[in-house]
**Q** 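A single structure is presented below for examination.
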Amino acid sequence: MSLETLSLRNLPTLTKDHRLRVVSDNPQHLEPPLSILDEAVTPVERWFVRNNQPVPSITDEDWELSIDGLVRYPLTINLSDLLHEPTSSFFAALIGQQNHSGEYAMIANVEWMGTPLALLLETAGVKPQARIAACWSYGPKPVVRYLPLSKLWWDVMLAYAVNDHPLPAVHGGPVRLVVPGWKATYWLKWVSQITLLSGERLPTETSLDGELTIDCRFFNLSTLTPKTPVTLRGVAWSAANGIAQVALAVDEGAWQSATLDNDLGPRAWRRFSYTWTPTTGNHLLAVRVSDHRGQSTVRHWQVEVH
């Protein structure tokens, strides 16, 4: 996508897939069934929605971001300024709170486009004593998220486009934080202000460790028939270290390698598949996921076939 396609205009209302479950209307909370997420890149209409406040009324023309606190040159930029900054794009998995046994999941894999936050930090001139960033949102009930400065330098993005389209308001548009390898709660929507702090006087309940654990999900465990071969399909992710291997074992049997789809990069999820002929009864399905740093974890599912 070229920047010329990102005109400064209000977007039409995004129509979400009708199969998403409505958990709450205000603030909006929608969850997709796992069965409709079986794609390498998740269509925007199938993303989960988990908002802590009503969507703010902020237009592209009104949006501004301030960077202040422990910086030499406090700055404020608007969306037009941001679009003239160098851009980057990558695939990254957005992972919300998980229920391993449910039929619904707050997960998505998206191509993000925006500006590396590190470029703006360089312009602002970060002072040596800065350690933490307090990131604030727009809205009637502004949300604050705290991130270690080291994470902001590494790969946090100010995203204004997803999957070749401007970022919809319900998903944090005009601009949100993208924090690869961390839980979705840290990916602040409608970002308005970033204040750099020394970290000495943070609220006592503040958590600065949102790193994802290695994990996976299946898309089609509910469609099993006895003595009928089935290709189990799933997806695995890590803390932005990529997925190197997925193996499965049935009823504590030998590990068998799954087939991996194309690698979309270390921040993205990776699809896998495994062909199995189940028999009638209860089965223990184990999945071992390994990332490119040699770390691994094992997840278990109890599967009933009848």
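What's counted below: heavy atoms across the whole structure, side chains too, no hydrogens, waters or symmetry copies.
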**Q** Under the side-chain contact (heavy atoms from CB on, under 4.5 Å) rule, collect the residues that match up with Lys183, sequence neighbours excluded.
**A**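 For Lys183, the residues satisfying side-chain contact (heavy atoms from CB on, under 4.5 Å) (neighbours in sequence not counted) are Thr185, Tyr186, Leu212.
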**Q** Without hydrogens or angle criteria, can the side chains of His292 and Asn241 be said to hold a donor-acceptor pair below 3.5 Å?
**A**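 Side chains of His292 and Asn241: no pair found under 3.5 Å.
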**Q** Check this for me: Gln129, atom CD, are more than 12 non-hydrogen atoms of other residues, nucleotides or ligands nearer than 6.0 Å?
**A**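 Buried by this count: over 12 neighbours within 6.0 Å.
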**Q** If you look only at distance, which donor and acceptor atoms sit under 3.5 Å apart when one is on a side chain in residues 299-306 and the other is two or more places apart or in another chain?
**A**
{"residue": "Arg299", "atom": "NE", "partner": "Asp215", "partner atom": "OD1", "Å": "3.0"}
{"residue": "Arg299", "atom": "NH2", "partner": "Ile214", "partner atom": "O", "Å": "3.3"}

**Q** Does the side chain of Leu177 reach to within under 4.5 Å of the side chain of Cys135, using non-hydrogen atoms?
**A**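 Side-chain contact under 4.5 Å: yes.
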**Q** Taking Leu152 as the fixed residue, which of Val179, Leu121, Val126 is the one that meets the side-chain contact (heavy atoms from CB on, under 4.5 Å) rule?
**A**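 The residue from Val179, Leu121, Val126 that satisfies side-chain contact (heavy atoms from CB on, under 4.5 Å) with Leu152 turns out to be Leu121.
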**Q** Taking atom types as modelled, is there a side-chain donor on Lys189 or Asn51 under 3.5 Å from an acceptor on the other?
**A**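 Present: a donor and an acceptor within the cut-off.
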**Q** With no hydrogens and no angle check, just 3.5 Å: does a side-chain donor-acceptor pair link Thr195 and Asp68?
**A**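 Yes, a side-chain donor-acceptor pair sits under 3.5 Å.
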**Q** Verify side-chain contact (heavy atoms from CB on, under 4.5 Å) between Val156 and Val178, making sure each step is shown before the conclusion.
**A** CA-CA 6 Å; Val156 170; Val178 169; over 6 Å; no
**Q** Apply ring pair (Phe, Tyr, Trp, His ring centres under 6.0 Å) to the pair His283 and Trp276, showing each step before the final yes or no.
**A** CA-CA 12 Å; His283 299 277; Trp276 177 41; 5.4 Å; yes
**Q** Between the side chains of Ser66 and Thr76, is a donor N or O closer than 3.5 angstrom to an acceptor N or O?
**A**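 Distance-only check passes for Ser66 and Thr76.
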**Q** Are Gln53 and Val143 side-chain neighbours, meaning at least one heavy-atom pair lies under 4.5 Å?
**A**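 They are in contact (side-chain heavy atoms under 4.5 Å apart), so the answer is yes.
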**Q** Do other residues, nucleotides or ligands put more than 12 heavy atoms under 6.0 Å from the CH2 atom of Trp154?
**A**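 For Trp154, atom CH2 is not crowded (no more than 12 foreign heavy atoms under 6.0 Å).
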**Q** Do Ile36 and Leu20 come within less than 4.5 Å of each other through their side chains, counting heavy atoms only?
**A**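 Sidechains of Leu20 and Ile36: in contact.
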**Q** Using the ring centroid of each side chain, check whether Tyr274 and Phe218 are separated by less than 6.0 Å.
**A**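 Distance test on ring centres: not under 6.0 Å, no.
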**Q** Does Arg288 qualify as a cation-pi partner of Trp255, given the criterion of NZ or CZ under 6.0 Å from the six-membered ring centre and within 45 degrees of its axis?
**A**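 Yes; both conditions hold, so Arg288 lies above the ring face of Trp255.
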**Q** With a 6.0 Å cut-off (strictly less than), is the heavy-atom count around CG of Asn262, excluding the residue itself, greater than 12?
**A**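 Not more than 12 within 6.0 Å, no.
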**Q** Does a side-chain heavy-atom distance below 4.5 Å link Met106 with Leu94?
**A**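 Counting from C-beta outward, Met106 and Leu94 never come under 4.5 Å.
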**Q** Verify salt bridge (Lys or Arg N to Asp or Glu O under 4.0 Å) between Asp155 and Arg267, making sure each step is shown before the conclusion.
**A** CA-CA 10 Å; Asp155 61 353; Arg267 307 172 182 90; 3.6 Å; yes
**Q** Applying ring pair (Phe, Tyr, Trp, His ring centres under 6.0 Å), name anything that partners Trp187, two or more places apart in sequence or on another chain.
**A**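 Only Trp112 meet the ring pair (Phe, Tyr, Trp, His ring centres under 6.0 Å) criterion with Trp187.
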**Q** Cation-pi between Arg21 and Tyr104: NZ/CZ under 6.0 Å from ring centre and within 45° of the ring axis?
**A**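 Geometry flag: set, cation within 6.0 Å and 45°.
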**Q** Under 4.0 Å between a Lys/Arg side-chain N and an Asp/Glu carboxylate O for Arg46 and Glu39?
**A**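 Judged by the 4.0 Å cut-off on N to carboxylate O distance, Arg46 and Glu39 do form a salt bridge.
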**Q** So, Asp17 and Arg19, do they make that salt bridge, N to O below 4.0 Å?
**A**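 Answer for the salt bridge query: yes.
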